[in-house]
Each structure stands twice: as C-alpha cells, then as structure tokens.
Amino acid sequence: MSCNVNQSESKDLSGNENDSHPKLILTKKGVEEIRSHLGKLPLFDASLERVKKEVDQEIELGIQVPIPKDYSGGYTHERHKRNFLMLQKAGVLYQILQNDKYGNYVKDMLFAYAKMYPTLPIHPKPRSYARGKLFWQCLNDSNWLVYASQGYDCIYNFLSEEERSVLENDLFKPFADYISIQNPQFFNRVHNHSTWGNAAVGMIALVMNDDALLDRALYGIKNAALASNAKDNDGGFIKNKEGKAGYFANLEEPFSPDGYYTEGPYYQRYAMYPFLIFAEALQNVKPEYEVFKFKNNVLLNSIDALLQLTDADGEFFPINDGQKGMSYYSRELVTAVDVAYAYGGNNSGLLSIAKKQQKVTLDDAGLAVALAIKEGKATPFEKKSVNLSDGSKGDEGGIGILRYGDEALTLVFKYAAQGLSHGHYDKLSFSLFEKGEEVLQDYGLARYVNVEQKGGGNYLKENKTWAKQTVAHNTIVQDETSHFKGKYEVGSKHHSELHFYDVDNSDVQVISATENNAYPGSEMHRTLAVIKDKKFAKPYVLDVFRITSDQPHQIDLPYYYFGQLISMNFDVNTSFSLQPLGNKNGYQHLWLEATGTVATKTSQFTWLNNNKFYTISSNTSKQDELLFARIGANDPNFNLRNDPGLIIRRKNVKQTVFATVIESHGTYSPVSEFSVNATSNIKEVQVVYDSEEYTVVQITNIENEVKTLIISNRDANNQTKHSLKVNNKEFSWVGPFYFK
C-alpha cells in the first residue's frame with residue numbers, strides 16, 4: 001500500500017539547536033536530583049544496581065547486530081529486542097553515573113545499526129500484513145525505535161553534530177518513514193500496533209526537533225490510500241470507519257471514559273508503555289498539549305482500570321486475546337504505576353503496588369515513587385467491585401467485576417464490544433476466581449509468545465478455530481454456531497447492553513446484561529450474583545441465563561473448570577473411543593468423554609482443585625444432556641491445553657432459563673488426609689416462574705431454607721415498585737431485582 005506523502009524534512013520545533021538533553025523521560029533537572037539521592041533511596045538504588053549489572057554483562061559480550069531472519073523467539077529477533085532494551089538502559093546509566101563507558105556503548109550500537117539499516121531489505125518472513133526490516137513486523141520495529149529514541153536522547157550531547165547528522169539521516173529518519181509513510185496500513189489505524197508506531201515516530205521527532213514527524217505521529221498520515229475493506233492478520237479492519245489516525249485518535253477511540261481499553265487488559269498492558277512514554281515526553285517537551293488531561297484524564301483513568309482488571313495475584317483477567325500469567329509485575333506496569341503516581345496527583349495506593357513490584361523506573365517518575373515510599377506514604381491499593389464501560393463514549397457495553405471481601409471470590413462478566421481484531425465471540429461470558437486461582441476459566445489466547453518452536457512464537461491457527469469461538473467460553477452457544485457466526489465484520493457492529501448493576505450491598509452483588517444480536521431472532525439475558533449467606537462457609541455465585549427465540553434451537557451452556565471430578569448425582573455413560581463433539585466452530589476441538597443422564601430436577605457435579613471442593617448445581621429436566629468434554633481434539637501439534645468442561649445441553653427449545661449455583665465449599669488436606677465440607681450445601685435450584693416481565697429462581701439449602709431471586713426482565717429502573725405472586729406467596733420490592 002502507498003500514500004501521497006513525501007518523506008519528512010527536518011524543522012526545528014524549538015528554534016534552539018542546542019536545546020538541553022535529556023528531555024524525553026529523563027530530564028536534565030531530574031538527572032541532577034537523581035544523582036543527589038544516590039545511596040539514599042533503597043528501592044531506586046536496588047533498581048539502578050540491577051540495571052547496571054545487566055548492562056555491564058551485555059557490554060562484556062560485545063555488540064551484535066545480526067542480519068534479521070527469524071520470527072519471534074528466534075536468535076535474530078531476540079538479539080535485536082535485547083539490543084533496544086540495552087540502548088535505553090545504557091543511555092540512562094550514562095546520564096546517572098556520568099560514565100562514558102555507557103555513552104560509548106549506545107553510540108557504537110547506534111552506529112552499527114546506522115551502517116546496516118540502509119542496506120536492509122524487507123524482513124524475509126512473510127507472515128505480517130506490515131513487514132518490518134529489523135523484525136518480521138513493523139510492530140516490533142516500532143518497539144525498537146521507542147526504546148532507541150530514549151537512548152539517543154540520553155547521549156545526544158555526548159555526540160558531535162556530525163555524528164548526530166549521520167545517525168539521523170542514515171538511521172532515524174529512514175526508520176521513521178519506513179514504519180509510517182511506507183506502511184500506512186500499519187501506522188494509520190486505531191489499534192495497539194499503531195500506538196507503538198505513533199509513539200516511535202513521535203519520540204524520535206521530539207529528540208530531533210522535527211515537527212513534520214511529530215505532526216504525523218500525533219494526527220496520522222494525511223491522505224493515506226487505504227482500502228476500506230483491508231484487514232490485518234487477525235481479521236480486523238485496518239481503516240478506521242471515520243478515517244481517524246495518529247496518537248490522539250488512539251487515545252480517543254479504544255478507551256472508554258472509565259479507562260477500559262476495548263482490546264482487553266492483555267493488550268492494554270502492552271499498549272500502555274508507548275501511550276505513557278510518549279505522553280511523558282510530550283509533557284516534558286511540549287507541555288502545551290496537556291496530554292494527561294486529554295479526554296478527561298483518560299490515560300490516568302486507564303491505569304486504575306488496568307489494575308482493577310487483575311486477580312489477587314496481580315495477573316490480568318484473560319479477556320479476549322490474553323496470555324495467562326501476564327501481570328502488573330511486567331515492565332510496562334512498572335512504568336505505568338510510576339507515571340500514574342508522578343503525573344496523577346500522587347495516589348498513595350499506587351505506592352503499595354510499586355512496593356510489590358520491587359523496582360522503579362530510572363527516571364523522574366521512578367525517583368518520585370522511591371522518595372514517597374521511603375517517606376512511608378504508601379497505602380493499600382483498593383480493589384473493588386467495578387463496572388467499566390466499553391466504547392469511546394462509554395456506551396458499548398462493558399466489563400463488570402464483582403468482588404467479595406479480600407478477593408475471596410471475584411467474578412468477571414463480559415458484556416462488551418467486539419474488542420477490535422483481538423476480540424472473541426463470547427457475549428455475556430464470565431470467569432470466576434478465588435483468591436487468584438481460576439475456578440471457571442476463560443481459555444485466553446492460543447499462542448506461546450516468543451516460543452519459536454510453536455509457530456514462530458506467533459498466534460497459532462487454533463486461536464481462530466478454538467480460542468475465539470463461542471464454545472471456548474462460559475456462555476450460550478446456539479446450534480453449535482458461534483456468536484455472529486464468528487464473523488468480525490458482523491460482530492464489530494454490535495455490543496451487549498447493561499440491564500443493571502448493583503453492588504450497594506456487599507453480601508448481594510448483582511449484574512445483569514442482554515445481547516440481542518449474536519443470534520438473529522434470539523434474545524439472551526444473563527444475570528450473575530455473588531451472594532454471601534450465613535448458612536454457607538463462603539460466598540457463592542448464582543447464574544441465571546434466559547434465552548428466548550422465534551424458532552426452536554439446541555442450546556449449549558459450557559462451564560470450564562480445573563481439577564479432578566469427585567462426584568455427581570446423575571448417571572454417566574463414558575466413551576471407550578473418543579470422538580470430537582462436532583466438526584466446526586470450535587466443537588471440532590472438544591473430545592466427548594462422557595454423557596450424563598439427568599435424574600433429578602437439580603443436577604450436581606463436584607470437583608477438587610488445589611485442595612478445594614467446588615460444586616455446580618443446575619436446574620435440569622430429563623430432556624437435558626450433560627456432556628463431559630475435554631479440549632484437544634483435532635490438534636495434531638498439541639497446541640491446546642487439555643482442560644475439562646461440563647456442557648449442559650438443551651434441545652429443541654424456544655424459551656428457556658438456565659439457573660446455576662457455583663459454590664466453593666470445602667477443603668482437603670493431603671497431609672492430615674481429612675476433608676472438610678466436601679459436599680454441597682445446596683439441595684435444589686429451580687426456576688419457579690418465568691415470563692417476559694419476571695424470572696424467579698429459588699435456592700434451597702440442605703436445611704430446607706429457601707432464598708428467592710426475582711429479576712425484572714424489562715424494567716431496570718431502581719425506583720420502580722414491583723409486586724408478584726408466585727406459588728401463593730406475594731413478593732413486593734423496589735428496583736430491578738429482589739433477593740431474600
């Protein structure tokens with residue numbers, strides 16, 4: 001692809017060719033203050049010593065800039081990645097320690113790249129829609145320039161004017177032009193890829209005082225020739241429907257006012273580094289942009305939102321494409337926490353996260369955090385139940401998080417927009433955590449990032465055939481077909497709608513949402529409640545999923561768990577030869593291990609995981625099937641985890657309600673060999689009334705005590721008065737639900 005833009009010409013932004021450096025992330029004033037505190041701030045000193053040891057080891061190894069040839073995880077990929085990290089770190093050490101060893105290391109490496117870059121062809125690996133030169137995709141090239149620009153800024157005055165001219169004309173300007181005007185399909189879009197590209201071009205522009213490059217970074221390429229139907233490798237549209245591009249468009253569009261990033265927390269984490277590093281640089285060099293105030297402080301809001309999107313161990317919830325285990329201990333979140341503290345009003349709760357991270361950035365923001373921690377200003381970061389809106393205006397669904405106590409139970413409910421090309425087809429899905437452990441899981445992505453043996457470290461084909469498909473999630477599947485038939489161009493037009501959200505009573509927290517477009521002619525309505533009952537040792541989840549259709553359908557409701565099956569109250573027919581559950585839409589990846597025959601009105605299934613007992617109790621009828629499935633069919637390269645799942649199947653129904661209780665209720669000690677509360681406290685879960693206006697579910701415990709949840713299916717006004725007679729009992733209440 002091409003566009004009608006000429007390569008940039010340098011133009012001084014400040015009118016002063018001798019403007020002071022460093023000025024992007026480290027500032028001249030900040031360096032002086034850091035030097036004055038060396039040896040006095042334990043957290044900063046430890047971070048500095050760690051970086052110094054790392055860089056010193058790299059200097060001993062010598063500079064290596066191999067000709068690029070590998071995908072992610074391969075030697076040349078990892079070497080160039082290591083190099084850009086060292087350029088930034090060594091540059092910082094030069095400024096703080098005033099040791100020419102580090103300045104010469106950055107200089108020599110940059111000149112090695114300046115010698116090689118003009119001769120480089122496009123990267124030989126052809127997989128990306130936007131191939132880089134140092135790396136197989138422009139995304140990683142942009143990573144390189146974001147970090148290298150910081151190293152260059154740190155040694156700018158260490159270099160002669162002639163040396164700077166060589167680097168800028170042979171390396172930095174051609175590099176910036178390549179990832180932008182020569183690859184507008186990468187640069188001119190709203191996506192985390194472009195955020196990196198925008199930040200890369202913008203930061204080197206600030207170092208070089210090049211306003212043409214800066215304008216391109218902030219507002220995109222003018223008149224870029226992009227086809228309206230062009231897609232990236234993940235199937236996402238490249239051209240923004242409104243033609244927006246550039247850094248500010250990437251701040252405006254993907255973020256909701258609450259700070260939720262539509263691609264999900266894994267990619268929000270990845271994008272936060274370029275968002276924040278470039279914002280810092282703009283604040284320091286061009287404060288008139290007031291970037292941290294943009295869209296009502298959305299950057300600062302996003303950091304709080306991202307921290308809320310973590311479990312008790314600090315790991316991000318795997319919403320959409322997300323690798324499990326990624327957490328706020330990552331380098332991107334170290335930067336995010338430090339920047340949020342320094343530029344966001346000194347929120348003392350962030351200091352407790354920084355203490356857990358045990359490191360700070362070696363710059364002005366990191367110094368501020370280290371000083372505050374030494375002064376004892378840290379307070380606990382408050383994780384709470386929160387409802388984060390999705391969409392640039394906050395009107396495209398959202399993510400609801402219900403937390404009880406000290407994250408004893410955390411429920412994550414997704415009723416959001418598609419999430420760009422990294423989105424999954426899982427409307428009204430949820431996952432459940434107990435103190436950081438997954439109870440009911442979202443599979444996440446199918447990828448081994450930077451593991452070369454697994455598809456070059458890139459997305460595996462099973463990401464599309466399994467992980468994105470609806471059946472891979474804990475939500476309704478109709479006729480073994482994914483939501484929106486798994487078509488991005490359809491799914492990206494729609495989002496679910498919040499019905500109500502109520503966490504005023506910490507013992508009865510409820511969220512409810514609807515989806516009317518995933519299956520034409522069908523309405524889906526899910527209500528989830530986290531309930532603490534004094535008769536139960538722990539809080540439990542009540543899941544009420546109502547489906548109404550204009551035609552009969554087969555409905556599947558999967559629950560993906562971990563651990564060992566312990567017991568069930570229904571008969572099971574096991575399979576002596578495994579067969580896939582279906583042949584498409586993800587079903588081809590599920591082995592059918594056994595089929596259960598419903599014997600009672602409430603089917604129960606108990607399992608043990610991490611020495612904790614869990615039970616699913618669900619309303620069923622004799623027409624229902626209970627399918628025990630396991631991930632891994634049609635997977636010749638063993639790319640998928642072999643996790644188990646229970647699927648409740650209901651055939652030939654037009655209107656139905658699934659009512660399920662998920663209960664954590666006991667423990668087992670392999671040392672004492674005792675089990676405690678190993679059986680469920682639930683006797684029965686039943687839907688006792690269902691109409692267009694109301695759904696009534698009753699839970700009976702083993703002591704025959706009954707609790708009733710009534711959902712107002714149409715009127716969610718919290719001031720509306722309701723009355724309903726069910727089984728000769730009158731119920732009256734105000735608001736969208738009743739529970740007692």
Pair [X] and [Y], ring centroids less than 6.0 Å apart:
| X | Y | value |
| --- | --- | --- |
| His722 | Tyr738 | no |
| Tyr266 | Phe316 | no |
| Tyr668 | Trp607 | no |
| Tyr561 | Tyr559 | no |
| Phe737 | Phe500 | yes |
| His665 | Tyr614 | no |

Note to self: Restricting to salt bridge (Lys or Arg N to Asp or Glu O under 4.0 Å), what partner residues turn up for Lys651, sequence neighbours left out?
What the structure shows: Glu625
Check: Which of these passes ring pair (Phe, Tyr, Trp, His ring centres under 6.0 Å) with His422: Tyr261, Tyr267, Tyr488?
Finding: Tyr267
Margin query: Can you tell whether the side chains of Arg526 and Asp543 come within less than 4.0 Å, N to carboxylate O?
Written below: yes
Check: Can a salt bridge be assigned to the pair Lys654 and Asp550 using a cut-off of 4.0 Å between side-chain N and carboxylate O?
Finding: no
Between the side chains of [X] and [Y], does any donor sit under 3.5 Å from an acceptor?
| X | Y | answer |
| --- | --- | --- |
| Thr615 | Glu663 | no |
| Glu462 | Asn639 | yes |
| Lys414 | Ser429 | no |
| Asp690 | Thr695 | yes |

Notebook entry, point to check: Could you go step by step and tell me if Gln623 and Arg649 meet the side-chain hydrogen bond (donor to acceptor under 3.5 Å, both in side chains) rule?
Noted result: CA-CA 9 Å; Gln623 289 73 41; Arg649 172 167 286 180; over 6 Å; no
Notebook entry, point to check: Checking side chain to side chain contact (heavy atoms under 4.5 Å, CB included) for the pair Ile476/Ile547: CA distance, chi angles, key distance, verdict?
Noted result: CA-CA 9 Å; Ile476 288 295; Ile547 304 96; 3.8 Å; yes
Check: Relative to the ring of Trp733, is the ring of Tyr694 parallel (under 30°), tilted (30 to 60°) or perpendicular (over 60°)?
Finding: perpendicular
Check: Can you tell if the side chain of Ile511 reaches within under 4.5 Å of the side chain of Leu498, non-hydrogen atoms only?
Finding: yes
Next item on the list: Determine, step by step, whether Ser256 and Asp390 satisfy the side-chain hydrogen bond (donor to acceptor under 3.5 Å, both in side chains) criterion, reporting the C-alpha distance in whole Å, the side-chain angles of both residues, the deciding distance to 0.1 Å, and the verdict.
Entry: CA-CA 5 Å; Ser256 77; Asp390 194 3; 5.9 Å; no
